[in-house]
Amino acid sequence: MDPNKILQLLGVRAVLLPIRAKSKAPAVSSWQKLTFEDTQSDWYQSLLQRAPAIAVLLGDASEGLCSIDCDSDDYLGEFLELNPRLADSFRTKGRRGANIWLILETAGQRCPSTKRLYAGDVAVGEFRADGGQTIVAGRHEKGGTYQVLCCSPPVRIRPNEIAWPGGKNGPGSLGSSKFSQDSDSSPNSASSVSLGLLNLLHNNEKINESLRAEEELAADPVTGRYYKKFLAKKFTAQQGMRNDHMVQMVTFLHEAVSKELCMKLVRFFYLINQVEYNDSLEHHMKAAEAHYNACDVRWLQGFGGQVRAPLAELPDRHRCAMRICSALARLDLPESPAGEFYLSCNELGDRLCLHPPQAQRILKQFESFDMILMLQPGSKRETGKKARATRYKWLI
């Protein structure tokens, strides 16, 4: 769909986001900080024209535009029955349920953040708002295209005018008196408590769990070192990006560390950043393990049939050591051109969660089977001289 046509349907100066192919993730960095003016350059408009799908940055950046994501047709029907006014609001559909688009009027105050919607203990959708994004047009990541079910403009509505199934006052503090129609109340009065403060109090338990996770990580120097090296500098937690980041992390870590260490790192990233996420830790870890196993299958499939079967029978530590050596050898660095790499027994041991002598035996076995060739032995640290890892050549 043409970006200008989307803006006409939405009726506001919405911030449109290009989406990556077969993904729900925006194809631009720092997308939550974009303004409408940022999206008007020729370069950005060209990205939108070429993108397989287009999303909208919701909330204040798009003049209060929000969406209610109903996961099922049952919940959608129940919601619209309670809110007939929104039945004529702009509505889109991916593969199930629908997204009801609306413009939230907050009496000059900030738009609320994204909230999960529940029927009892069952998640049934999301109220997507400030800082979130919803795909509005283009190809769905699992096939098919997004459809426009109702092309009327988004309805303008106050938070306390929305009725929620189950008789509850909406997700979290969305329907609180802070959004009263009376906009003359004092900003310091109890009835106009900051939504940011309410969100902070609501997430207090998650914040404390995050602090405990940071303390736990600090007490584990090996895991802490790889967390800082592989994750902390490369990933910034964002709402809606948990699964995409998990896939990227596990894909990389599969060739960098053991499965045990990979799962520990992915777990710590979730715990430290859990305020940003709606999915449970259990769901996160099951997805991470499933993707790690899929990476294992793809890696084995890269070998011929005569090699693949016996390779699959090797101990996990040996297969992981092979991936680590191979990945290091692919790097083309000034100190080690492609095909060569530096690796100490201590470093390999830490990556495999083994003692250095165990890692040394694996490297010796690789040498004896002509998988690697030692080019230069390592050296210990001496006064005024740094330690140097052993230099190898990868022969496979």
Side-chain angles (χ1 to χ4, degrees), residues 220-234 248-266 291-396:
D220 185 345
V222 172
T223 305
R225 174 158 56 92
Y226 288 112
Y227 184 91
K228 182 178 181 181
K229 180 177 181 180
F230 292 146
L231 302 188
K233 295 181 179 179
K234 298 180 180 179
Q248 294 174 45
M249 290 176 196
V250 173
T251 301
F252 171 78
L253 293 173
H254 179 258
E255 294 190 336
V257 298
S258 67
K259 182 177 183 179
E260 177 185 348
L261 184 52
C262 172
M263 293 299 116
K264 288 176 68 175
L265 291 170
V266 170
H291 185 64
Y292 187 96
N293 293 338
C295 288
D296 242 2
V297 171
R298 284 196 296 270
W299 182 73
L300 285 169
Q301 288 176 342
F303 294 87
Q306 291 184 329
V307 176
R308 188 184 309 149
L311 190 59
E313 298 300 320
L314 280 176
D316 288 343
R317 62 177 63 177
H318 284 70
R319 294 205 307 273
C320 187
M322 283 183 62
R323 294 195 294 269
I324 291 171
C325 292
S326 176
L328 291 174
R330 290 199 301 271
L331 299 175
D332 191 1
L333 305 173
E335 65 273 15
S336 59
E340 300 178 7
F341 62 97
Y342 285 92
L343 184 63
S344 69
C345 298
N346 287 340
E347 173 76 7
L348 182 60
D350 285 345
R351 291 188 182 216
L352 296 177
C353 298
L354 300 174
H355 294 298
Q358 294 174 295
Q360 184 180 37
R361 281 196 291 274
I362 292 175
L363 289 172
K364 289 292 185 183
Q365 290 169 354
F366 283 2
E367 284 188 81
S368 66
F369 295 127
D370 293 327
M371 295 169 62
I372 58 175
L373 174 66
M374 181 192 295
L375 299 178
Q376 186 178 13
S379 60
K380 295 182 179 180
R381 183 182 308 225
E382 299 177 5
T383 304
K385 187 178 180 181
K386 292 182 179 180
R388 185 183 62 214
T390 303
R391 184 179 168 202
Y392 293 99
K393 183 173 184 179
W394 182 247
L395 300 178
I396 297 180

Could you grab the distance from atom [atom1] of [X] to atom [atom2] of [Y], nearest 0.5 Å is fine?
X: C345; Y: R361; atom1: SG; atom2: CZ; value: 10.5 Å
X: S258; Y: R317; atom1: OG; atom2: CZ; value: 10.0 Å
X: D350; Y: T223; atom1: CG; atom2: OG1; value: 9.0 Å
X: L261; Y: L352; atom1: CG; atom2: CG; value: 9.0 Å
X: D370; Y: I396; atom1: CG; atom2: CD1; value: 9.5 Å
X: L253; Y: F230; atom1: CG; atom2: CZ; value: 7.0 Å

Just wondering, are more than 12 heavy atoms of other shown residues or ligands nearer than 6.0 Å to [atom1] in [X]?
X: H355; atom1: NE2; result: no
X: K229; atom1: NZ; result: yes
X: K228; atom1: NZ; result: no

#### Entry: Donor-acceptor under 3.5 Å (T390 side chain, G378 main chain)
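Such a contact is found between T390 side chain and G378 backbone.
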#### Entry: Under 3.5 Å: donor-acceptor pair, side chain of R330, backbone of A338
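Flag not set: sc R330 to bb A338 has no pair under 3.5 Å.
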### Over-ring placement of K264 relative to Y227, 6.0 Å and 45° cut-offs
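No cation-pi geometry.
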### Query
Can you list the steps and then say if K393 with F341 is a side chain to side chain contact (heavy atoms under 4.5 Å, CB included)?
CA-CA 6 Å; K393 183 173 184 179; F341 62 97; over 6 Å; no
Least distance between heavy atoms, [X] atom then [Y] atom:
X: I372; Y: L363; answer: CD1-O, 3.6 Å
X: P337; Y: D332; answer: CA-OD1, 3.5 Å
X: V257; Y: C262; answer: CG2-N, 3.7 Å
X: A329; Y: W394; answer: CB-CB, 3.5 Å
X: E260; Y: C353; answer: OE1-CB, 3.7 Å
X: Y342; Y: A389; answer: CD2-O, 3.3 Å

Would you check if [X] and [Y] make a side-chain contact, meaning some heavy-atom pair closer than 4.5 Å?
X: R391; Y: M374; answer: no
X: I362; Y: Q360; answer: no
X: H291; Y: T251; answer: yes
X: M263; Y: Y292; answer: yes

#### Entry: Y392 vs L328, side chain to side chain contact (heavy atoms under 4.5 Å, CB included): CA-CA, chis, key distance, verdict
CA-CA 10 Å; Y392 293 99; L328 291 174; over 6 Å; no
#### Entry: Carboxylate-amine/guanidinium contact E347 R225, below 4.0 Å
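Here E347 pairs with R225 in a salt bridge, since their nearest N and O are under 4.0 Å apart.
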### Task
I would like to know whether H318 and Q365 meet side chain to side chain contact (heavy atoms under 4.5 Å, CB included); could you show each step before the answer?
CA-CA 10 Å; H318 284 70; Q365 290 169 354; 2.7 Å; yes
Taking only distance into account, with no hydrogens and no angle test, what donor-acceptor pairs under 3.5 Å do side-chain atoms of residues 293-311 form with protein atoms, sequence neighbours excluded?
from, atom 1, to, atom 2, distance (Å)
N293, OD1, K259, NZ, 3.1
N293, ND2, E289, O, 3.3
D296, OD1, H254, NE2, 2.8
D296, OD1, R323, NH1, 3.1
R308, NE, L300, O, 3.3
R308, NE, F303, O, 3.3
R308, NH2, F303, O, 2.9

### Query
Does any pair with a residue in residues 356-385 pass ring-ring contact (aromatic ring centres under 6.0 Å, His included), and if so which ones, sequence neighbours excluded?
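Listed by first then second residue: nothing to list.
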### Task
Assess whether side chain to side chain contact (heavy atoms under 4.5 Å, CB included) is satisfied between R388 and Q376, documenting all intermediate values.
CA-CA 10 Å; R388 185 183 62 214; Q376 186 178 13; 3.3 Å; yes
